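Working notes, structure below.
Fair warning: this is a prediction, and the values are worked out from it, not measured in the lab. Residue numbers run from 1 in the order of the sequence given.
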Amino acid sequence: MIAFVSGPVAALAPATAVIEVGGIGMAVQCTPDTLAGLRIGKEARLATSLVVREDSLTLYGFADDDERQVFELLQTASGVGPRLAQAMLATHRPDALRIAVATGDEKALTAVSGIGKKGAQKLLLELKDRLGEPVGAHIGQQGIGVPVSSSWRDQLQAALIGLGYATREADEAVTAVAPQAEAAIAGGGQAPVPQLLRAALQTLNRAR
């Protein structure tokens, strides 16, 4: 397996980067976000995953090892090949996918070209215990992917926006679950952000 490629960027195309490695140009399939960080003539290092087929060898490139790992884990779900896995990562960052799967967010998955409602439901079931927790997030009463000191409103809004919802949608969802959060606080506890996030996503799904 080719774990990574490193060298100057020789060429860029809408879905491909060519990295010069030892005098050989390696064509690497990349997401738009990864390509946006590359510049022709500049040194680059991409984590890679080699997909072998009977009639082809295709190298997929990623900004970091975590993105590559998620790419490979996504393909353990039935019906998910490298192209669909790459499309999922082109739409959502790895942690956003982890949060979407953990909270059962169908809307986040159906935002990916090629995934319908039934496909999203199936993927949520199959991937539930495979992607793990967000690597850059605090899970629990501290919230998801935001500083511990943030209020529950800020934490919840940041998580929703990170999942691709518009600020207006996030604001409406936060308002909808506010009574639940205030009841928890009034009882002497803290607002349970993960539970609030699930409730907010249900509210948003019903509004579709």
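With rounding to the nearest 0.5 angstrom, the CD atom of Glu20 is 11.5 Å from the OG atom of Ser6. One finds the CD atom of Gln29 at 12.5 Å from the OG1 atom of Thr48 (value rounded to the nearest 0.5 Å). Expressed to the nearest 0.5 Å, how far CG of Leu84 lies from CD1 of Ile115 amounts to 4.5 Å. How far CZ of Arg53 is from OG1 of Thr58: 8.0 Å, rounded to the nearest 0.5 Å. In this structure, CG on Leu109 lies 7.0 Å from CG on Asp105, to the nearest 0.5 angstrom. Annotation: the span from Thr167 atom OG1 to Gln157 atom CD amounts to 6.0 Å, rounded to 0.5 Å.
In plain terms, the two heavy atoms of Gly41 and Pro8 that are nearest each other are O-CB, 4.3 Å. When all heavy atoms of Ala27 and Thr16 are compared, the pair lying nearest together is CB-CG2, 4.1 Å. Across every non-hydrogen atom of Ala176 and Thr203, the tightest pair is CB-CG2, 3.9 Å. The two residues Thr34 and Ala63 come nearest to each other via the heavy atoms OG1-N, 3.7 Å. Nearest approach of Thr91 to Ala111, heavy atoms of both residues: CG2-O, 4.1 Å.
Note on Leu73 and Leu125: separate hydrophobic clusters, where clusters join Ile, Leu, Val, Met, Phe, Trp and Tyr whose side-chain heavy atoms are under 4.5 Å apart, directly or indirectly. Criterion: ILVMFWY side-chain heavy atoms under 4.5 Å apart, direct or through other members. Under it, Ile2 and Val51 are not part of a common hydrophobic cluster. In this structure, Ile40 is not a member of the same hydrophobic cluster as Val18, with clusters built from ILVMFWY side-chain heavy atoms closer than 4.5 Å.
At least one side-chain heavy atom of Leu131 sits less than 4.5 Å from a side-chain heavy atom of Leu74. You'll find the side chain of Gln75 reaches within 4.5 Å of the side chain of Pro82, heavy atoms only. Contact of the Leu124 side chain with the Lys128 side chain is not registered, since no non-hydrogen atoms from C-beta on lie closer than 4.5 Å. You'll find the side chain of Glu67 reaches within 4.5 Å of the side chain of Leu89, heavy atoms only. By the 4.5 Å heavy-atom criterion applied to side chains, Leu123 and Val80 are counted as neighbours. Here the side chains of Asp65 and Phe4 are not in contact, with every heavy-atom distance at 4.5 Å or above. A 4.5 Å side-chain heavy-atom check between Lys122 and Ser78 finds at least one atom pair inside the cut-off.
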Requested in this report: With side-chain hydrogen bond (donor to acceptor under 3.5 Å, both in side chains) as the test, would you mind laying out the steps for Arg130 and Thr76 before giving the verdict?
Outcome: CA-CA 9 Å; Arg130 300 184 191 181; Thr76 64; 2.9 Å; yes
Query - Worked check of side-chain contact (heavy atoms from CB on, under 4.5 Å) between Glu106 and Leu201 - result: CA-CA 9 Å; Glu106 290 180 20; Leu201 289 169; over 6 Å; no
Requested in this report: Evaluate the criterion side-chain contact (heavy atoms from CB on, under 4.5 Å) for residue pair Ile99 and Leu197; output intermediate values, then yes/no.
Outcome: CA-CA 10 Å; Ile99 294 172; Leu197 178 57; 3.9 Å; yes
Report task. Would you check, one step at a time, whether the test salt bridge (charged side-chain N to carboxylate O under 4.0 Å, His left out) holds for Arg98 with Asp66? Result -> CA-CA 12 Å; Arg98 292 187 177 103; Asp66 181 49; 2.6 Å; yes
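Under the ring-ring contact (aromatic ring centres under 6.0 Å, His included) criterion, Phe71 pairs with Tyr60, Phe62, sequence neighbours left out. Contacts of Leu38 classified as side-chain contact (heavy atoms from CB on, under 4.5 Å), with partners at least two apart in sequence or in another chain: Val9, Leu12, Ala17, Leu35, Ala44, Leu46.
Applying the side chain to side chain donor-acceptor pair (under 3.5 Å) test between Ser49 and each of Gln86, Arg68, Glu72 identifies Glu72 as the sole match.
Residue pairs satisfying the salt bridge (Lys or Arg N to Asp or Glu O under 4.0 Å) criterion with at least one member in residues 167-178, sequence neighbours excluded, are listed as follows: Lys107-Glu169, Arg168-Glu172.
Under 4.0 Å is where a charged nitrogen must lie from a carboxylate oxygen, and between Glu182 and Arg153 at least one such pair does.
Other residues, nucleotides and ligands contribute only 12 or fewer heavy atoms inside 6.0 Å of the CZ atom of Arg83.
Not one N or O on the side chain of Ser56 forms a donor-acceptor pair closer than 3.5 Å with the backbone of Val52. Looking only at distances, no side-chain donor or acceptor of Arg93 sits under 3.5 Å from a matching main-chain atom of Ala90.
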